[in-house]
Every structure is written in C-alpha cells, then in structure tokens.
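The structure under discussion appears below in the form of structure tokens.
Numbered from 1 within each chain, the chains take letters A, B, ... in sequence-line order. Please read these numbers as outputs of a predicted model, since none were measured by experiment. Both backbone and side-chain heavy atoms feed into the values below; hydrogens, waters and symmetry mates do not.
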Amino acid sequence: MVNQKLVGFEVKRIRADFPILDRETQPGIPVIYLDSTASSQKPIAVIEAMNVFYRRSNANIHRGVHTLAEEATALYEEAREKIAKFINAPAAKQLIYTRNTTESINLVAHTWARANLKSGDMVILTEMEHHSNLVPWQMLKSERGIRLEFITVTEEGLLDLDSYRSLLDQNPKLVSFTHMSNVLGTINPAEEIIRLAHEHGAVTLVDGAQSVPHFGVDVQKLDVDFLAFSAHKMVGPTGIGILYGKQDLLENMPPFLGGGDMIKSVHLQEFVANELPYKFEAGTPAIAEAVGFGAAVDYLTSVGMDAIAAHEHEITEYALERLEEVPGLNVFGPNSQDKGGVAAFTFDDLHPHDIAQILDRDGIAVRAGHHCAQPLHEKFGVRATTRASFYLYNTKEEVDKLIEGLYKVKEVFN
Amino acid sequence: MVNQKLVGFEVKRIRADFPILDRETQPGIPVIYLDSTASSQKPIAVIEAMNVFYRRSNANIHRGVHTLAEEATALYEEAREKIAKFINAPAAKQLIYTRNTTESINLVAHTWARANLKSGDMVILTEMEHHSNLVPWQMLKSERGIRLEFITVTEEGLLDLDSYRSLLDQNPKLVSFTHMSNVLGTINPAEEIIRLAHEHGAVTLVDGAQSVPHFGVDVQKLDVDFLAFSAHKMVGPTGIGILYGKQDLLENMPPFLGGGDMIKSVHLQEFVANELPYKFEAGTPAIAEAVGFGAAVDYLTSVGMDAIAAHEHEITEYALERLEEVPGLNVFGPNSQDKGGVAAFTFDDLHPHDIAQILDRDGIAVRAGHHCAQPLHEKFGVRATTRASFYLYNTKEEVDKLIEGLYKVKEVFN
Amino acid sequence: MDDLYREQIIERYKEPHYRGHLDPNDIQFEDDNPLCGDHIEITLRVDKDDKVVEAAFDGHGCAISQSSADLLVESIHGKALDEIKSMNKDAVLDLLGIELGHVRLKCALLSLKVLKAGVYGLGEANDDLVA
Amino acid sequence: MDDLYREQIIERYKEPHYRGHLDPNDIQFEDDNPLCGDHIEITLRVDKDDKVVEAAFDGHGCAISQSSADLLVESIHGKALDEIKSMNKDAVLDLLGIELGHVRLKCALLSLKVLKAGVYGLGEANDDLVA
Ligand SMILES: Cc1ncc(COP(=O)(O)O)c(C=O)c1O
Ligand SMILES: Cc1ncc(COP(=O)(O)O)c(C=O)c1O
C-alpha cells in the first residue's frame, strides 16, 4: 500500500542524515516526528559544522587579526553568502542576521516602520498571520496610532483577494503577510499580492518562516521588499534567522540595537552607524549558528528544493486522503493543491492536548494548541487544533501510524 | 622558571577539556589563545551538550505536548535555573534570555528607559564603557533628549568616585557601568557604586560581560537592578546572553519584541502580554544555546569561580611583570590588585594590527584595535592597543611565548 | 498510555462530580492557561470558621486540566482556607497519581492556581502560587 | 612571517615613496577603516585627458594599509580615470604579492576604496567599490 519510492528522492537516505529519527521516545518505537512546522530536525552535516567550528575555529569575528578570528569571520560571512544565494538576493549585505523570524519582523517594525509610519497610516495584514506578524504591529498601533486592516480568510482557508483590493484603495503604507500559513498550510499568491501592493505604493514584507524551508523562494522574482525567516525551521540551528531587505530601504533605515560592530565610530556623546549589513548587527552575533545555517542551506540545496517540495506534496496529499477517512475528523485549510505540508484538524470534541498526549505514547509527535495563530482559530470557531506537519524526512508509513494512533485516541475516550 | 602548579587548580587537566587548544594555526604550534575577553573557548562538555540536544531532544518548546518538546522545554528551563543559581538570583524567572550583553542592555533601554526617562533626565555612564553600554543610550538621547554624563577615569585607569558623587547630586535616573573594563581590566567597586546610586534614587545596570565569566557575581549581594552578560565569554555558546532584573522592575516594564510566546492572548487588534520571563522572549528562542549555556555554568561551577579568579590573578600578575621588562611596551590600566586578566598595551609606535599579525605567525592569538571602547582609547590618546587576555586555561608558558613573540615583532620592524 | 490517562482521569473528565457554578458564593476566581486556552473557574462557599462547605469548578479544557480540577475541588471540602493556602503542586500530583512533564504540568496545576488566587483574594493569578 | 610581511611591505611602510598631500589638487578623498581607525587620504592631479599626472597619499595605519596605499598610488601614475574605475581588489593584491584574510583585506583595500570613491566623486565610500 505504501509507496516509498519517489522520483529523485530517496527518503531512506535522507532519514539516515537525521540522527534524532532513531531516537525512541517510547521503548522500541523510533520517534515519528510530525512537528517540523514548529521546528525541524537537523542533519548530521549541520550539527557537525557547529561542532567542528567550536573545536577548530571558534573566536570572535570582524575585529580579530589572528587566524582563528580570520577563519571565524570568513565562515560567518560565507554563510551569509550561501543564504543570499539560496533566496537569490542581489547581494549578501542585504541579509541581516537576527535571532529568528520574529526578531526580523520586529526589526522592520522598529526601524523602517517607526521612521516611515505616522498616526493613521494603514498597515495591511491577514487574518491568518502568526502572532509574530501581528503583535509587532499592534505594539506600533498603541505607540503610534497606526491602523491595522486585515485581508479576510475564506471558509476554505484562502486569502480573499477582493477584500485585499478594496483595502488597497485606502492608501496602505505596508502590506505584511505570511507566504504560507502554519495552520492552514495555505500557500499565498505572494507575487501577485506584492505586485498589487507596489502598484498602490505600499512596501511589502513577507513572513517566509514556512515558505523558505519548504520550496524555492526567489526574492528578485517576488520583488519583495522585506523577507523574514528562521534557520531552525529549515534544518538549521536555533538562535538565528534572517531579515532580507532591498538595499535602498535598508540603507535609509535607522539602526535597531546599539553596540559593538554596528558602528563606524563612537564618541562619548554620539556615534556614526556602520555600513550594511553590520549596521543592524549589534554585539557578538550568533557565529556558530551562522556556520550551522550555512551548512543547512548547503544541505537543502544538495537535496534540491523542488525535490523537497514534491516529496512534501506527495506525503501531504496522502495524509489528507487518509485523514478524511477518519470519522469525526476535520482538517482545516485548502485541499492539497494550494497547501504545504501541514494538516491541522479537530477530532470530534476531543481536546488537542489529549490527542497529542495519547499519540505521544505511540511515539508520534504532533503539536496541539493555537499554533501562535489565535485570531485564525477564533475565526474558525475553535480554541485549538491538533497539527501534523511534514518535511523532507517524513514517510507515508508515518502517516499510516498517525491514522492508527488517532483511532486509538478515540478508543481511550469512548 | 615557569611554575605550572597552582593550589586547587590543575591547568593541564583544564586544558584537556578544550579541544581547540590542540589546534595548530601554524604548523606544529598549538594555538596560544590570549583572546578570551573577546570570546572564550568552549569545553567538550558544552559542545557535547548541544550536540546531544540536537541528536536526542530537539524540538520547539513551551507549547509542545510530545516527549521531545517536553524534554526540550525542561532542558531550556533547567538551564535558566542553573544560571540563576550561578548569579544567586532570587528566582529563575528574573532571567531573560537574550542574544548577548548588547541585546540585554538594549532591552533595558527600549523598555524600562523608554517607559521611565523623559527629556532632560540624566543617565550616568563611565568613560571606560564598551560601545554596548554607550550606543543604546546615545540612541535614546537623540530620540528623547536624555542627558548623558560620565564618571571620569583616572590616569591609572580607575573610576574617579569624586566625579561620580558630584554627578549623583544632579538627580540621575540611571547609573549604568561596566563591572570590569575589557581594556584596562579594572574591576570597579560595583557594590559601592550601586549603594550610592540607590541612596540617590537611581536605578542601576551592571554590564557584567567581563565580570560574570571571571569571578563570582552575586546579584543579591550587589543589590543590582539589572545585570547583563553573554554566554560566549564564559565558555558557553554564541547566540545567547542574559538580562537579569529585579522582579518589580521587570514586571512593570512594557514588553520589548512582539510575537509568539511573549503573549497570554492575541486578537486581531490587540494582545495581552505573558508573565515573566516569557513576556520578554518573543519567538523561538536559542534553545540549544540555552542548553549549552547551562552546561557552561555547570562547568565553571565544577572548577570553582574562586579557583578560576585565583588562577587568572596569578597569570595576570606574571604577565604584567614580564611585559614590563619589554622596552617600549606600555600596559594600560591599574596594577594587578584591581585588575582582571587583561593586558592592553602599546609597543613603541608599532601598529597593533602589525603586532597581532606577526604574533599570529607564531600561533599567538591576541586582539588589536579599540576593543569597542573607542572613547577610552581617545582619552588615553591612542587609536588602538594590542590586548592579551587570560582565562582559566592559560598558562605562564603561554605568557613566555607572548614575550618572545613581542621581541620578534620588534626585530621585523627594525 | 494507561499510566498517564489512568481510568480515573478519563472518568472524571467524562463525568465530573463537581462541575458547576455556585451562586451565591464567597469566593470566585477564574483563569486561562495561555498555552492552550483552557479555562477554569472555581466557586466556594465557606462557613464562619473559614472552612470550605461547598465547592465547584467550571470551564473547559483537556482531560488533565478538567479531571484535576474535579479531584482538587473534591479534596478541599471541609478544608480551612489556611490549609488551602499551603497546598502546593504535590497535592494535585498526588490526586492524579501520575507524573507529568513541564507543559502538561501547567494543565494539571491550572485549577490549583485558580483556587489559591481566589483564596488569597489576588487580582491576578501567577505561577508562584503553584511552585 | 616573511611571506606576509614581505620585505617590500616593511620598506614601503617605513619609507613610503608617495606620502604627502597635493595642494592644489583635482581629486581629494579620505576615509577610515572603522575596524581599527586607520586613515587614508589620497590626492590626485589629472591632465586634460583625465590621466593621473601626480598622486600622493597621507594618513596612518598598519604596515599593510600604508604600504598598499604607497604601492597603489605609484601604480596609477599615468593611468586614465576610467581605468582606475575598473580596478578591483586583485590590483592591490597583485601589488602586495601576498594573500590576506578577511580582516586584513580591509586594511589592504582601504586605499583603493578611497581612490575609487574620489575618482567617482562619491559623497561616501562603500565596500562595493572594492568587491
Ligand atoms: C565590557 C563589555 N561589555 C559588553 C560587551 C559586549 O558583549 P557582546 O558582544 O557579547 O554583546 C563586551 C564584549 O565585547 C564587553 O567586554
Ligand atoms: C508563519 C510563521 N511565522 C512566524 C513564525 C515565528 O518563527 P520564530 O519563532 O522562529 O520567530 C512561525 C513559526 O512558528 C511561523 O510558522
């Protein structure tokens, strides 16, 4: 029944790269990890890149002349170049290292937005945003009195582009939206949204936390102004993310955090900011993590983003099919055509925590809660969902185990 | 001549814990790492803690029910408890994970200071501050019109407490100063500075980037309001630091970055902030790095902070003695009594870059530049210095090699 | 799964003994678990000696949060408010008879947090109450 | 150390051939290396065909930054401004004849950055000039 073979993609070989997949969270059962949307697992190549960095090349960067400092600096900057290439950025200096997607978005809110938005100015978001792309703007709203408007989400979980068009007529300054919903799995038509925004003179920010890890994202093709993403969701380490920005925007933004490295010169009473990208990187950055991020991008590139997307699509299609068979189970979001590898569902009136906990007894790791998208859950009239998500290392067999597990959950509560 | 034995401290055993110390940056010469003030090296225990985390327990935290998420959450929070104990904090929730010292200070500048300081309010700093404790306040000065005043540094490199007392009479709102200078090595009388500040109703912030790694720091004994430090300078990983704060201050501060985890609830137009410490930790944090930080604190504790301080003191005393013998060499800062393990010097009119580069050819890693303390260098009338710094793994033999190297530098330029 | 979802927990979840809202009451408090939106309200009636004579809980949530609320409310009948103030997380874990990780602990302890915040007369509940 | 601090570099550092400030001049530009505070000023005189007839540098810094400035200035005598615009980092590295890491590269390229910013007539120098 299960077809393990995929064109150009040997999932067994991939799985061998991820040591944690052998971990038995329950005796005798290697973990079935269906929680990559929250954070992905890491291949040996990434873990070892950091291990080797700490054992061979560790030192602080940029201001060091000695060999270790030179090596660390080179590795840190080479990683930036790899990541720039991965998203087809015109220049590596347009990539700012941050902690995660959240900090990337906050950076824009603190610098570009505070320099450019005034009371009454309108920011367009969507009803399917992660809290990371809501709270920073709500904070600016209470500080500045900007106006937040939301592109409606339809019953099937798609953005209602008519509602977008009517908002565009009200002179928005910024359109900030997720490339892919971490709950519905919806892949939004980013290119079109951005084109329309630009036609109306608005700047655009794409939350790429779920897109960059899962399919090829080309910032020049998108023509996006800002793109935010996290390493930990794309087989990279925790503690590091990226903000990409168009050069003229970044150059005209005031700095964010103040301190070492982001300066050209400092006197007691004033400072002169440094060039890009250092202007936005204050203090000792996440050096080993940058090295790990570079290795992650190498890994994904070597597998191939198209192959990864195709694999995920096949698994997701299969999962949706199988989940549909389960009585009382309701998956949110569009069908597999417009959908990434995410299946968030309700199951009778069972509480997602209970579902997740009982699945865990069979080694199946899924997430339960509002997945940092509380307004979206409110919209659909549920407090929480159970979410299974898929990445390059998942298999149809694992989907089968999930289905079996769900039937067991039902038994416990009957 | 060289006395390797130290009471209660076997430096050979310590060195065996740091794999990078075997690295030959020049053929046949294991690196002589005298740059720990910029960033320390990491023991196997720290590297392995992160390695094992990624291979066994990696998952996103806080909102996960499955075993990996539970383990990751527990490890993340246990690390916070270890670090809290290390600085004798009343409660772990008073420790906010940040990227580094720089972000910790910026966090205070963005939240406490923006909520409490208005135009004309005075902030006292010192002339020996690292850029991290200058630029955030300069940014607030241009935004808000606060006033910055500086405790003078004497010729020997000590804080002039008379200048401090006269500033205190002008009703300062905040006194923010480094516990130990990263250039002069001066260990400032933090307890007294804080007591005087409190007598005058000012809040205090200590930049502990150089103190917490090198000697026992007890926040309750200091009675400090905020303490900032970085893991990477205390045998821990890059990408993580701490802001400690008194509970009532932290509770009354507005949040900093907005996003997941820092919220109690989110609606489309507004959010409710979470409890401490999560209120200040937006988005997926540096999870593996927290685990590594916990291991670093375990390691330092197992060696003993008093033993570490004593060892450094002995090495530093020896180094100062030997450096003094070198004609044309001038070490900045106090003598070894008030001095941590730092020797920043000028050497004739040789450029620090040239000195550092030529020393590197003998495997000796020192730093050259203004060490992110440009105003201090201006004060002493030099653009840059060469800095050798010492930590628990350094030996007197390494000091001897430094001295030999310096004589060679002189030869090259003669 | 049986050790975790012990029969008692499932039973109490499906058919709680003390679900309801006392009106009038002497003490009332409610709170959410921000991690999942689970909600617990507890209402108490006390006698002149500050002993609990009647108690009930209401709300929604997972089996752990709801069954522990039911078991907790049962256990405090006849208890003095001062005794309640000194209860800690072990009280709830003893009632449940299972071990819980960091995240699920919050589910289990929500009812105790609500109860103690009510008894102390606090404006807001906090995690220190169930440390 | 000899390969790095080649004799020529040390010599040029100790006794530069083109240190000075041309006054009057047709092109003048100066900039710092923020990593270390090294400073380079370059002044040029050009003829009616936009060819460099005279050039000098001034400033302070390490052996690498100063000797590369001296060698660079020497190399542009007689060059057309358009030729200078198309110079890149390899030109300087060829003059020095050594390999340099990321940090020291900035020292070596400061003079080229200053030169090109001056020739282009920019308000501010940037790293793209020496990419
Ligand atoms: C005294 C002092 N403060 C602050 C810092 C900044 O630390 P970080 O770069 O980890 O933010 C340093 C380290 O360079 C330091 O020595
Ligand atoms: C769509 C989306 N945006 C933003 C985020 C936040 O990412 P991070 O926690 O790495 O900042 C996430 C991940 O949870 C996400 O799925």
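In this structure, the portions of B:Ser265 lying under 4.5 Å from any heavy atom of chain A include both its backbone and its side chain. Looking at B:Phe150, only its side chain comes within 4.5 Å of chain A, counting heavy atoms on both sides. When heavy atoms are compared at a cutoff of 4.5 Å, B:Glu48 approaches chain A solely by way of its side chain, counted from C-beta outward. Interface remark: A:Ile263 contributes side-chain atoms only to the contact with chain B (heavy atom separation under 4.5 Å). Heavy-atom distances place the side chain of B:Glu378, and not its backbone, under 4.5 Å from chain A. At a 4.5 Å heavy-atom cutoff, B:Ser142 makes no contact with chain A through either its backbone or its side chain. In this structure, no portion of B:Glu129 lies under 4.5 Å from any heavy atom of chain A. Proximity to chain B involves both the backbone and the side chain of A:Pro255, based on heavy atoms less than 4.5 angstrom apart. At a 4.5 Å heavy-atom cutoff, the contact between B:Pro237 and chain A is made by backbone and side-chain atoms alike. Within the 4.5 angstrom heavy-atom criterion, atoms from both the backbone and the side chain of B:Leu257 approach chain A. Residue contact with chain A, scored on non-hydrogen atoms closer than 4.5 Å, involves the side chain of B:Asp35 exclusively. For A:Ile47, the part lying under 4.5 angstrom from a heavy atom of chain B is the side chain only. Only the backbone of A:Ile61 comes within less than 4.5 Å of a heavy atom in chain B; its side chain stays farther off. Interface remark: A:His267 contributes backbone and side-chain atoms alike to the contact with chain B (heavy atom separation under 4.5 Å). Both the backbone and the side chain of A:Ser57 have a heavy atom closer than 4.5 Å to some heavy atom of chain B. Only the side chain of A:Leu134 comes within contact range of chain B, with at least one heavy atom under 4.5 Å from a heavy atom of that chain.
Counting only N and O atoms by type, the side chains of A:Asn100 and B:Thr284 include no donor and acceptor under 3.5 Å apart. Looking at A:Ser36 and A:Ser389, their side chains never bring a donor and an acceptor atom within 3.5 Å of each other. There is no side-chain donor-acceptor pair under 3.5 Å between B:Gln26 and B:Asp362.
By number of non-hydrogen pairs under 4.5 angstrom with chain A, the leading residue of B:Glu270, B:Lys141, B:Lys42, B:Glu289 is B:Glu289. Between chain B and the options A:Thr67, A:Leu125, A:Val46, A:Leu268, the largest number of non-hydrogen pairs under 4.5 Å is found for A:Leu268. When the candidates A:Gly260, A:Cys372, A:Ser230 are compared by the number of heavy-atom contacts under 4.5 Å with chain B, A:Gly260 comes out ahead. Chosen from A:Arg367, A:Lys233, A:Lys379, the residue pairing most often with chain B at heavy-atom distances under 4.5 Å is A:Arg367. Note: B:Gly239 leads B:Ala69, B:Ala72, B:Gly239 in heavy-atom pairs under 4.5 Å with chain A. Interface remark: of the candidates B:Gln269, B:Met262, B:Glu70, B:Gln269 forms the most heavy-atom pairs closer than 4.5 Å to chain A. For chain B, the option among A:Gly241, A:Ala356, A:Ala365 with the highest count of heavy-atom pairs below 4.5 Å is A:Ala365. Between chain B and the options A:Val65, A:Leu107, A:Asn58, the largest number of non-hydrogen pairs under 4.5 Å is found for A:Asn58. Contacts with chain B were tallied for A:Val31, A:Leu359, A:Leu148; A:Leu148 has the most, counting heavy-atom pairs under 4.5 Å. Put simply, of B:Arg56, B:Glu127, B:Met139, the one with the most heavy-atom pairs under 4.5 Å next to chain A is B:Arg56.
A:Phe280 has its side chain out of reach of A:Thr98: every pair of non-hydrogen atoms, C-beta onward, lies at least 4.5 Å apart. Contact of the A:Thr238 side chain with the B:Tyr54 side chain is registered, since non-hydrogen atoms from C-beta on lie closer than 4.5 Å. Using a 4.5 Å heavy-atom threshold, the side chains of B:His131 and A:Phe271 count as separate. A:Glu71 has its side chain within reach of B:Arg23: a pair of non-hydrogen atoms, C-beta onward, lies under 4.5 Å apart.
With salt bridges taken as basic N to acidic carboxylate O contacts below 4.0 Å, one links A:Arg99 and B:Glu103.
Between A:Phe256 and A:His110, the angle of the ring planes lies from 30° to 60°, which puts this pair in the tilted group. Taking the six-membered ring where the residue is Trp, A:His371 and A:His377 present tilted rings, their angle falling between 30° and 60°. Aromatic ring pairs are classed by plane angle as parallel below 30°, tilted from 30° to 60° and perpendicular above 60°; the pair A:Tyr33 and B:His66 is perpendicular. Between B:Tyr97 and B:Tyr76, the ring-plane angle classifies as tilted under the 30° and 60° cut-offs.
Between the CG atom of B:Asn60 and the CG atom of B:Asp261 there is a distance of 7.5 Å, given to the nearest 0.5 Å.
By the side-chain hydrogen bond (donor to acceptor under 3.5 Å, both in side chains) test, A:Ser132 is found to be paired with A:Thr102, A:His130, residues two or more places apart in sequence or in another chain being considered.
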Verdict with supporting geometry, A:Met50 and B:Met50, side chain to side chain contact (heavy atoms under 4.5 Å, CB included) = CA-CA 9 Å; A:Met50 294 187 284; B:Met50 294 187 285; over 6 Å; no

